[in-house]
Amino acid sequence: MLRVASWNVNSLNVRLPQVLEWAEQQCPDLLALQETKLADERFPSQRLAEAGWQEVHAGQKTYNGVAILARGEAHDIVTDLPGLEDPQRRVLAATYGDLRLVNLYVPNGSEVGSEKFDYKLRWLEALNDFLGEELARHEQVVVVGDFNIAPAAADVHDPEAWEGRVLFSETERAAFQRLLDLGLADTFRLFDQPEGVYSWWDYRMNLFRRGMGLRIDHILASPALAKVCTRSTVDPEPRGWERPSDHAPAVADFDLPASTEAAGGT
DNA sequence: ATGGTGGATGCTCCA
């Protein structure tokens, strides 16, 4: 079994103890992090190594930043979307054994119609092309991260209030659907799920306590992996911890052949 | 239309 997890930590500097605690509890084999908000040279490699983790990081001071923690070595690392000039560190793809992992921090988009929204759409276009190439090259592809898109009404606590707004606009949902059209499956929706499962709750107005969130963090899988996915959930627990990230981790399990497990699985 | 909160930075931006 191989467990893949994804967590927007909103500053790894602040959240490192929580990351170590949660990883010890849940034992992911691959843990993708977003919004590390750290330059590469400030990445806490030592403390992570003490806990048995190797990392790759596409770091940036103050904003963005994506990392992957693993037990084994990363190969063929990519940190940019081909064809998109972008200083923002939002992409990190790496290969572990036979498994290609793509870690994303999709732009938030600010407001529908804004300049940042246009950037989000252009970014998603470039992502679509990139993932098409990745899927052509690799059989086992997992695409994880903070997509900043709630795919469907079931992923939004109040879909009527959110309709047309950033994170849940028609345009963004269509862009998300185009990713699925490449052949990727939203692993969460491969299973019966309870209602009201979300991965992000605004810090303001006690929205977590009131159960008012959105499911915008996803684990997508190529056909070969979707076939062997045995579980996909969001763990809301760390969102209730003291001084939490505004996101909860998404987790998926895959029944994989031994060749991949040799690369760091359990 | 604004505010509510949190993180990093430094008298503000981003989410």
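By convention in this document, chain letters (A, B, ...) are assigned in the order of the sequence lines, proteins followed by strands, and residues within each chain are numbered from 1. On a predicted model such as this, the values are computed, not experimentally measured, just so you know.
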- Task: Output the single nucleotide from B:dT5, B:dT9, B:dG7 whose closest atom is nearest the side chain of A:Thr62.
- Result: B:dT9

- When we call it a touch if two heavy atoms are under 4.0 Å apart, what does A:Arg42 touch: a base, just sugar-phosphate, or nothing? nothing

- Task: Determine the Euclidean distance between corresponding P atoms of B:dC11 and B:dA1; express it in Å to zero decimal places.
- Result: 29 Å

- Message: Is it true that A:Arg100 and A:Thr95 share a donor-acceptor pair across their side chains at a distance under 3.5 Å?
- Response: yes

- Task: Map A:Asn8 and A:Leu12 onto DNA chain B by nearest heavy atom, then report which one ends up closer to the 5' terminus.
- Result: A:Leu12

- Item | Donor-acceptor under 3.5 Å (A:Tyr203 side chain, A:Pro244 main chain) | yes

- Task: Would you indicate, yes or no, if B:dC14 has its OP1 or OP2 atom less than 4.0 angstrom from a side-chain nitrogen or oxygen of A:Lys116?
- Result: yes

- With respect to the side chain of A:Tyr203, which nucleotide from B:dA15, B:dC14, B:dG6 is positioned closest? B:dG6

- Note on the structure: To the nearest angstrom, the CG-P distance between A:Asn64 and B:dA8 comes to 14 Å

- Query: So which of A:Lys61, A:His57, A:Gln60, A:Arg89 actually passes side-chain contact (heavy atoms from CB on, under 4.5 Å) with A:Asp40?
  - Reply: A:His57

- Task: Output the distance between atom OG (A:Ser110) and atom CG (A:Asp118), rounded to the nearest 0.5 Å.
- Result: 11.0 Å

- Query: What's the CD-P distance between A:Gln60 and B:dG7, to the nearest Å?
  - Reply: 19 Å

- Task: Could you say whether A:Asp202 or A:Asn108 is positioned toward the 5' end of DNA chain B, judged by the nucleotide with the nearest heavy atom to each?
- Result: A:Asp202

- Message: The side chain of A:Asn13 is closest to which nucleotide in this list: B:dA15, B:dG7, B:dA8?
- Response: B:dA8

- Message: I'd like the C1' distance from B:dG4 over to B:dG10, given in whole Å.
- Response: 23 Å

- Message: Considering every strand and a 4.0 Å limit on heavy-atom distances, what is the contact class for A:Arg90: base, sugar-phosphate, or nothing?
- Response: sugar-phosphate

- Minimum-distance nucleotide (side-chain atoms of A:Met205 versus B:dG3, B:dA15, B:dT9): B:dG3

- For A:Phe208, report the nucleic acid contact type (base, sugar-phosphate, nothing); a contact means any heavy atom under 4.0 Å. nothing

- Message: Checking A:Glu55 against A:Ser45: is there a side-chain donor and acceptor pair closer than 3.5 Å?
- Response: yes

